[in-house]
Amino acid sequence: MEQESLTADEIALYDRQIRLWGMGTQLRLRSAKVLVINLSAVGTEVVKNLVLGGLNSLEILDSSKVKEEDFSAQFFLPNDDSIVGDLKLLHALPQIQELNNRVTITSNTRPLNENEGSYFKKFDLVIATELSSKSEILWLNGITRESNIPLYVSGLHGMFGYIINDLIRHESEAEREIGNQPRVVGTSISGNKTIIGVQYNKLTNKELVKVEDVYSQLDNVLSSKKVSSQLNKRQMRRLSASLPLIFTLFDWQRPTDIEADLDNSKLKAAAINMCQHLNIPSTVITDEYVELVCKQAFTEFSPTAAILGGCLAQDVIQFLSKKESPINNCLILDGIRSEMPIYSL
Amino acid sequence: MGRDTYLKKVLGEDRYQKVQGSTVLMVGAGGIGCELLKNLMLSGYGTIHIVDLDTITLSNLNRQFLFRKGDIDQSKSITIKKAVESFNFHGTKLISHHGNIMDTDQFPIDWWDQFSYIFNALDNLEARRYVNKMALFLKKPVMESGTTGFDGYVQPIFPYKTECFDCQPKATPQTFPVCTIRSTPSKPIHCITWAKEFLFQQLFDESVEGDAEDLSNATDNDKELENLLKESNELVELRKLVVATGEVISQNTFFSEMVRKIFQIDIERLLLIDTLWTNRLKPIPISDAQIEEVADLIRSGGIEQRLESLIDTQVWSPLENLLVLYKSATNLQTRMKNNKFIAFDKDDEDTLDFVVTAANLRSLIFQIDTLSKFDVKQIAGNIIPAIATTNAIISGFSNLESLNFLAQNSRTDSSMVFISIRPNKYVTSATLEAPRKQCASCSVARGILKSEEGTLDQVTLEQFIDKVKSKYSYSSDISIILGKSKLIYDFDFDDNLSKSLSEIGFKTGELVLIQDEDDEVENLELYIEVGLKSNDIELPELELRQKILIEKENGHENGVGKDAEEESGDVIESDMAFETIVIEDEVEEEVPAPKKRRIN
Ligand SMILES: [Zn+2]
C-alpha cells in the first residue's frame, strides 16, 4: 500500500482534483470498494460523482425493473420506452462504465433482503438510496454495524431530501489556521464531534487538529429527541417543517399509484405527532409545507437529486480522505428555502 | 404520462407548462455547464441554447461527465448536445453555438432577446461582465454561478431590481513590485512570475519585442534601476540569438550564453549593489562547474535517458533543472524558426518546462525552496482545483433558484446560495439586495437605439444630439462617448457635429454613452442595433432618473441589510468554514470574497 503511487496517466486525468485533495486522498479513493444500493435519481448522481472521482470498484445492487417514471431524473437510462419492464441495471451499466474505465463496475440484481450479511463484508462503504421502509433501513444498519461498515442512507421527496449516516467512528486530521486561542483537546465541536489531538506547527504557524466523530445507530437517529437542544431561540423560531415531515415519511407506506397525492389531513396529524416525538413545537408544521409534501413525497427531481448526490459523494470522499470531518449524522435538504441544516441526532 | 408525473407534482401544472414553454440560454458548457444542462433538461425546459468557444481537454474529464477521451479537442458546445440526447426524456429542443458570447456578429442583441432566462456557467470575469451588461440592456434575469474547489455560489440577478454581477467588487489577481520580481525575490511565486512574465516573454513572446520597458517607477535605487535596464537590453541581444536565421547558431551557444547571462552575470551584478543585501540572504550565482557538467552531458549525448526518468511530481536536482532547461530552450529555439513568437501556455510542454526550470534555478540562486513541475504548473497556469461534486451541487441550486422566477413571488423567493460546510449546515443562503448606488453598471440607464444602415449615413451627429436632448429632456449640454473610450462630442469638442453617424463609427453592437454635463441625471448607455426597417433613428422609451433620487432609493435599501449578519449558533466552530478568496480561473469560476449579508 505505502509503496503504491499514481501513474502519470492518472495524475493527468485527475489533475484538477489532486490539486484539491492531494495524491494521498486520490490513492485512498483508488483502493476503495463501494456498494450503492438502488440506482434511483440520487443513486444515479452519487454513482456519477464517485466513478468520476476514481474509486477502485463500485457495485450497484438494484433488482428493480425500469418504470415509466424513471425517465424523470435517472439519466443513465437510454431514452427508449421499449425498455420499460426490463432490469434497470441491464440498461444503465454500460453508460456508467463509459464514465471512467479505470473503475471496476459490477452489478447485483438480487433483491436486497435476499443478500446474506456476509455479502456486505467485501465493501469498505455502503450507500443506500430510496430504501423501501424504515424497517429496511434498520435491517441494513444492523448488518453494517455488525460488520463495521460505514453506511449512508439517502432519499428524495421532490424539493426535499435527506442524508442520514452511521459511519460508526471516524478520525480526521488536518492542518488548520490558528484561532484566537489555541485549540484544546477534549473540546466538543458539535454533539458528536470532539477534538482529540492538537499539535502546533511552528514552521507553518498552524495547528494539526485531530477530530473524532462518533456515530449513533440509525434507530437512535430516527427516534432522537436531540434536535431542540441544538438550536438557539432564533434557529428554533426559523425551523422549517421539512425535518418533521421527512421523518414522518419514514413511517409512511410508499404509494403504489404515483399519480395519487398523500392524504393531507393524515399527513398533517402525523407530522404534528412527529414534532412531539422530536421535542419541537408543532407550530413549525405549516399548511403550505404539508400541501407541498403531499404532492412531492417519494417523487424524484433532477436539481435536488444533484444537490443531494453531490453532497453525499463529497462526504464519502471526505470520509475516505481522513482529512475532514464528515456529516454527522442527519442532513435535511429544503429546496424551498435553499437550506441544508445538519443535525447531530 | 408517467414520464412527467413527477415534474407536474413537484413544479405544479402551471409552472411545469411555463418551464416547457421557456427558451433559455446557457453560457458555458464546462464544469458547471455539463451538470446544469442535464438538470435543465430533466426539469423540463422546452428550448435550451448552449454557447461555448472551448474545446475539450483531458483534465476536463474528471468532472465534465458528458465528455469522453475520444472527444478531446472537439467543440464543447457541439459535443455536449450530442451527449445529452441519450437522456432527452422530455423532448427538450437543444441548439448549440460554437463561439464567443461576446461576438456581436454571431450573437446580436435581437438574438439575446428570445430568452426568458440566462444561465451563466462561465469561467472568466470578462464574459460574466458582458452577459451581465446584456442582461441590463434587455432587463432579463440571469443566474450567475461559480465554483472553485469545495466552494461555490449561485446569485440570481434581476436587473435594476437586485444586485448585479458588478455590484460587489471582485478579487483581482495578485501583483508584486517590479524590484521584488527582478532583483530581490523571496518566494517561489516571485521566481515563477519572473520566469513567465519577464524572461519567457523577452525571449520568445511577441508582446515586448525589442521595446525598452519603462522602469522609472520600479525603484528609487538608481544603481538598481541602471542594472535593470542593462539586464533588459542584454536580453534583447539574447533574443536576437534565439531568432537568428540564416546563420547556424549552435543550440549549445544559445543555451550557454543564456545560462551565463541570467544565472551568473546578472546575479554577480546584483551582488555589487550592497544596499540590497544588508537584510537579505545574498544570491549565489551558478558555478562554472555546474555549467560545464551540463555541457559534458550534452556532448556525450547522455541526457535523453536522464530526462526520461524524471517525475513531474517530484522536486528535481539543480542538474536536472538545467538539463530540462536545455531541452526546452533548444526546442523553443527550433520552433521560433517557424513562428514569429511563442506564447506561454501551461499545456505547451516546452513553454512550461522552460518556465519551471528557469524559476527553480533562480530559486536555488536566491536560496528559496524549489518546487515540482506539478506545483509550478498550478501557479504559472493559474489552475483552480475543480471537482464534480461541487459543480453538481451548484448547478442543482442554479436550476432550483431559476424555477422561482417562474413562480409567483419570484424576486422575494430567490436567494443567493453559498456552499459553506459546517458541522450544522452545508450551505448558507442570503436574500437578494437592491443594486448598489456606487455600482458602475447599475447606475446607468440602458436601452437600444434602433436604426437601419442607410439612416446612419444620413443623420448627422448634430441631429442626433438634438433628438437625444429633446427625447430625454436634458436641460444642460451633454457629452457622448462611443465604444470603450472614444469621445465624439462635448461642449468644447464640436468637430464632429456635421459628420454622419456612420462616419463617426456608429454600427451594430457599438455602445454609446451619454452623460449630462451638469451631472444631474444618470448616465445613459445605448446599444446600437442596425437592421430595423425605418427611416429614422429610434430611441428607447426611458425615463432618466435624477442622481439625487437614486441615492435616496438605494440608501434606504442598503441600510436594511447592513447590520443583519449571520448569527453564529452555539456549536459552530469557525475553522470548519472555508474562507476563500479566489483569483483567476481557467475552467470554472471565481468565487467572490465572502461578505456580510443578510442570511436567511
Ligand atoms: Zn450593479
Side-chain angles (χ1 to χ4, degrees), chain A residues 8 11-17 19-20 23 45 48-49 52-53 67-69 71-73 75 77-79 95 98-99 158-159 176-177 179 189-191 193 230 232 234-235 258-259 295-296 299-304 306-307 309-311 313-314 317 325 328 331 335 337-342, chain B residues 1-7 9-10 35 38-39 42-43 58-59 61-63 65 68 85-89 149-150 311-313 374 378 383-393 395-397 399-401 403 415 417 422-427 429 567 569-571 573-576 587 600:
Chain A
I11 294 172
L13 174 63
Y14 299 129
D15 184 281
R16 294 303 185 271
Q17 64 200 46
R19 290 179 192 281
L20 185 65
M23 307 274 178
E45 288 284 346
K48 174 202 69 194
N49 296 333
L52 288 173
K67 298 186 290 291
E68 228 179 325
E69 61 267 28
F71 296 113
S72 300
F75 54 83
L77 291 177
N79 187 17
Q95 270 85 294
E98 257 188 40
L99 288 176
M159 294 271 191
R176 302 193 174 279
E177 300 294 336
I189 304 172
S190 74
K193 291 184 198 293
Q230 289 168 42
N232 60 29
R234 180 179 169 277
Q235 289 167 322
I258 63 155
E259 305 269 352
K295 284 201 165 304
Q296 300 185 13
T299 64
E300 298 194 319
F301 187 46
S302 168
T304 41
I307 294 168
C311 231
Q314 187 51 51
I317 294 166
S325 172
N328 190 351
L331 177 146
R337 288 199 190 175
S338 298
E339 285 178 349
M340 298 175 85
I342 299 168
Chain B
M1 270 296 291
R3 282 189 173 208
D4 54 11
T5 303
Y6 286 164
L7 281 179
K9 294 186 93 175
V10 175
E35 292 286 337
K38 166 207 68 187
N39 296 346
L42 297 178
S43 313
L58 176 64
S59 63
L61 304 186
N62 79 318
R63 61 195 183 284
F65 78 104
R68 306 279 172 267
E85 280 302 343
S86 71
F87 58 84
N88 192 355
F89 300 146
F150 298 121
I311 294 171
D312 288 358
T313 49
F374 184 83
Q378 176 151 349
I383 297 176
I384 303 292
I387 52 175
T389 49
T390 308
N391 288 334
I393 296 167
S395 56
F397 277 112
N399 186 359
L400 211 53
E401 291 294 327
L403 293 167
S415 48
V417 182
R422 314 271 178 90
N424 67 348
K425 63 175 183 177
Y426 211 90
V427 298
S429 59
E567 205 176 288
D570 305 332
V571 293
E573 215 208 22
S574 65
D575 69 67
M576 303 301 277
V587 196
N600 285 342

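Just so it is clear: chains get the letters A, B, ... in the order the sequence lines come, proteins before strands, and each one is counted from 1. FYI, side chains are in, hydrogens and waters are out, and symmetry mates aren't considered; it's all heavy atoms of this structure.
In this structure, Glu401(B) and Ser338(A) have side chains that are in contact, with non-hydrogen atoms separated by less than 4.5 Å. By the 4.5 Å heavy-atom criterion applied to side chains, Ile307(A) and Ile393(B) are counted as neighbours. Contact of the Pro303(A) side chain with the Ser43(B) side chain is registered, since non-hydrogen atoms from C-beta on lie closer than 4.5 Å. The shortest side-chain heavy-atom distance between Glu69(A) and Thr5(B) does not fall under the 4.5 Å cut-off. Residues Ile387(B) and Leu20(A) have side chains in contact (heavy-atom distance under 4.5 Å, counting atoms from C-beta outward).
With a 4.5 Å cut-off on non-hydrogen atoms, Phe301(A) touches chain B through its side chain but not through its backbone. Residue contact with chain B, scored on non-hydrogen atoms closer than 4.5 Å, involves the backbone and the side chain of Glu98(A) alike. Only the side chain of Leu7(B) comes within less than 4.5 Å of a heavy atom of chain A; its backbone N, CA, C and O stay farther away. For Ser395(B), no part lies near chain A; criterion is any non-hydrogen pair under 4.5 Å. Using a 4.5 Å cut-off between heavy atoms, Leu331(A) touches chain B through its side chain atoms alone. For a residue to count as touching a neighbouring chain, one of its non-hydrogen atoms must lie under 4.5 Å from one of that chain's; by this rule Ile311(B) does not touch chain A.
Counting heavy-atom pairs closer than 4.5 Å to chain B, the top-ranked of the candidates Asn79(A), Asn328(A), Ile11(A) is Asn79(A). Taking Ile317(A), Leu77(A), Thr299(A), Thr304(A) one by one and counting their heavy-atom pairs under 4.5 Å with chain B, the maximum is reached by Thr299(A). Among Glu300(A), Glu45(A), Gln95(A), the residue with the largest count of heavy-atom pairs under 4.5 Å with chain B is Glu300(A). Your options are Ala8(A), Pro341(A), Gly309(A), Ser72(A), and the one with the most heavy-atom pairs under 4.5 Å with chain B is Ser72(A).
The aromatic rings of Phe75(A) and Phe87(B) are tilted relative to each other, their planes meeting at an angle between 30° and 60°.
In plain terms, the two heavy atoms of Arg337(A) and Ser429(B) that are nearest each other are O-OG, 3.7 Å. Residues Tyr426(B) and Ile342(A) come closest through the heavy atom pair N-CD1, 4.1 Å. In terms of heavy-atom proximity, Lys193(A) sits nearest to Pro423(B) at CE-CB, 4.0 Å. When all heavy atoms are compared, the tightest approach of Leu58(B) to Ala12(A) is CD2-CB, 3.6 Å. Here the shortest heavy-atom pairing between Leu52(A) and Leu61(B) reads CD2-O, 3.7 Å.
Between the side chain of Asn49(A) and the main chain of Thr389(B), no donor-acceptor pair closer than 3.5 Å is present. Of the possible polar contacts, one joining the Gln296(A) side chain to the Val10(B) backbone as a donor-acceptor pair under 3.5 Å is found. Judged by distance alone, the side chain of Arg16(A) and the main-chain N or O of Ile383(B) form no donor-acceptor pair under 3.5 Å. Although no hydrogens or angles enter the test, the distance criterion places a donor-acceptor pair under 3.5 Å between the side chain of Lys9(B) and the main chain of Ile258(A).
With values rounded to the nearest 0.5 angstrom, Met159(A) atom CE is found 5.5 Å from Leu403(B) atom CG. Distance check: Phe374(B) CZ to Met23(A) CE gives 4.5 Å after rounding to the nearest 0.5 Å. Rounded to the nearest 0.5 Å, atoms CG (Asn88(B)) and CZ (Phe71(A)) are 12.5 Å apart. Distance check: Lys295(A) NZ to Tyr6(B) OH gives 14.5 Å after rounding to the nearest 0.5 Å.
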